Asks: 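Before I ask anything, let me first share the structure, which is written out below as structure tokens.
The model shown is predicted, which means the values in this text are computed figures rather than measured ones. Ligands are counted one by one from 1 in listed order, and the atoms in each one are counted from 1 as well. Throughout, residue positions are numbered sequentially from 1 according to the sequence presented.
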Amino acid sequence: MREMKNLKQLGEFGLIEHLSSKFNTYSKRVKKGIGDDCAVFSTLSNTSQLISTDALIESIHFDLKTISPKQLGFKAMSVNISDIAAMGGTPYLAVISLGLPKTTSIKFIDKLYSGLKKSCDLYNIQLVGGDTIASPKHLFINICILGEAVKNRVFYRKGARPGDQIFVTGNLGDSAMGLKLLRSKNKSFASKNHSDTLVKKHLEPTPRIKEARLLAKSNVKVTSMIDISDGLEQDLAHLCTTEKIGATLYEKNLPFSEALRNACLEKEYNPTDWILQGGEDYELLFTITPRDVKKLNRLFTKTDIPISHIGEITNIPKKIQLKKKTGKTIFLKMTKGFDHFKPNKRS
Ligand code: ADP
Ligand code: MG
């Protein structure tokens, strides 16, 4: 295998054999992993099964000039895991489809898979199969992930009621600023330390599985949940899709890191804009019934990731308001989120 340098030499089947050697230990639940027409596994009887898929394509989702193949593998798996977390579930199985330009080196694929494996090992996920095809130009990665949740503890996007309180895990805006730093020629607008923090949040996001599990196991009444991939404003709007609800956010409670604060100071940006519109933080955004606020805060006191109480659900249909630090309340315009088919792509 060592003398094989690229796909043309190794071929599809040689590659599959090469890859499967890295993923050949499975849990008892997996009856058949890579190597047959389908993978075979058993499910647990008291669970609801969750399935989701997410695709990444070079030049839209990533740029190989700014992300290493190992980071790319790790991120591709992490963003899929985040969707399982967003439902309150635990991931356990995944399959991957790769579209590879013929010139892709085996070294590159090995690094990509080492990132995938790092994420799989961290979250106890078994990679049990996939598909490999040639791509005319760009690298393409699609992962399909399976998870499970305790029955009756699956958290949906729809379900919030006026008066419900809005919470978010971690900090927001870091990932978008990290991307800005990666793309900017003048990286010196943030100190090395802060720049590393922001860029890392963009390239190696941590899906909030631990936090989702904590919520699912508790008896806090979670009324809706989503992971923040497109930005707080847009993802909060997804929680307000019924005609009857909107939301108010409290600017003073919006969480951001010291690194983001410093980068914003340097550039005279308003951190609130980055928090509202910055995507790919993969934090959990959720609503709970008002009487469980204390219970929730108690639940999260012992965790390493803090939660912030950022607002509440209103009865003003589909409007998101921001209660500013000055005391003034404004309606957000809701135009800045990311939509693949609209021209307002992130800059
Ligand atoms: P089929 O022709 O039935 O689609 P393949 O030859 O594509 O079968 O795949 C053979 C085995 O290798 C299957 O178990 C499949 O799940 C697995 N596989 C194919 N590509 C990949 C990949 N990129 N990563 C992991 N497993 C893969
Ligand atoms: Mg196939």
Asks: Can you name the nearest heavy-atom pair linking Asn253 to Ser308, along with the distance?
Replies: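 Asn253 and Ser308 have their closest heavy atoms at O-CB, 3.7 Å.
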
Asks: Is it the side chain, the backbone, both or neither of Ile16 that has a heavy atom closer than 4.0 Å to ligand 1?
Replies: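 The part of Ile16 near ligand 1 is the side chain, not the backbone.
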
Asks: Going by atom types alone, do His194 and Thr197 pair a side-chain donor with an acceptor below 3.5 Å?
Replies: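 Absent: no donor and acceptor within the cut-off.
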
Asks: Under 3.5 Å, is there a donor on one side chain and an acceptor on the other for Asp174 and Ser257?
Replies: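 Yes, a side-chain donor-acceptor pair sits under 3.5 Å.
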
Asks: Suppose I only count heavy atoms of Ile96 and a 4.0 Å limit; which atoms of ligand 1 are within that range?
Replies: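 Per the distance check, 24 (N).
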
Asks: Going by atom types alone, do Thr248 and Gln321 pair a side-chain donor with an acceptor below 3.5 Å?
Replies: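 Yes, side-chain donor-acceptor contact under 3.5 Å.
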
Asks: Taking atom 13 (C) of ligand 1 as the point of reference, which of Asp36, Leu19, Ile109 owns the nearest heavy atom?
Replies: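 Checking each option, the heavy atom nearest atom 13 (C) of ligand 1 is found in Asp36.
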
Asks: Quick one: which ligand 1 atoms are inside 4.0 Å of a heavy atom on Asp37?
Replies: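 The list of qualifying atoms is 3 (O).
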
Asks: Show me which atoms of ligand 1 lie under 4.0 Å from any heavy atom of Gly129.
Replies: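 Numbered from 1, ligand 1 contributes 16 (O), 25 (C), 26 (N), 27 (C).
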
Asks: What verdict does the side chain to side chain contact (heavy atoms under 4.5 Å, CB included) test give for Phe108 and Lys70, after you've listed the backbone C-alpha separation in whole Å, the side-chain angles of each residue and the deciding distance to 0.1 Å?
Replies: CA-CA 8 Å; Phe108 177 93; Lys70 184 171 180 185; over 6 Å; no

Asks: Decide if the gap between the ring center of Phe256 and the ring center of Trp274 is smaller than 6.0 angstrom.
Replies: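 No, too far apart.
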
Asks: Answer with yes or no whether Tyr113 contacts ligand 1, where contact means a heavy atom under 4.0 Å from a ligand atom.
Replies: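 Per 4.0 Å heavy-atom rule, Tyr113 contacts ligand 1.
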
Asks: Number the atoms of ligand 1 from 1 as they appear, then name those within less than 4.0 Å of a heavy atom of Ile34, with their elements.
Replies: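 In order of numbering, the contacting atoms are 12 (O), 14 (O), 17 (C), 25 (C), 26 (N).
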
Asks: Show the atoms of ligand 1 that are less than 4.0 angstrom away from any heavy atom in Gly35.
Replies: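 Numbered from 1, ligand 1 contributes 11 (C), 13 (C), 14 (O).
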
Asks: Salt bridge between Arg208 and Glu283, side-chain N to carboxylate O under 4.0 Å?
Replies: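 Answer for the salt bridge query: yes.
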
Asks: What part of Phe13, side chain from CB on, backbone N/CA/C/O, both or neither, has a heavy atom under 4.0 Å from ligand 1?
Replies: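 Near ligand 1, Phe13 shows its side chain, while the N, CA, C and O stay back.
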
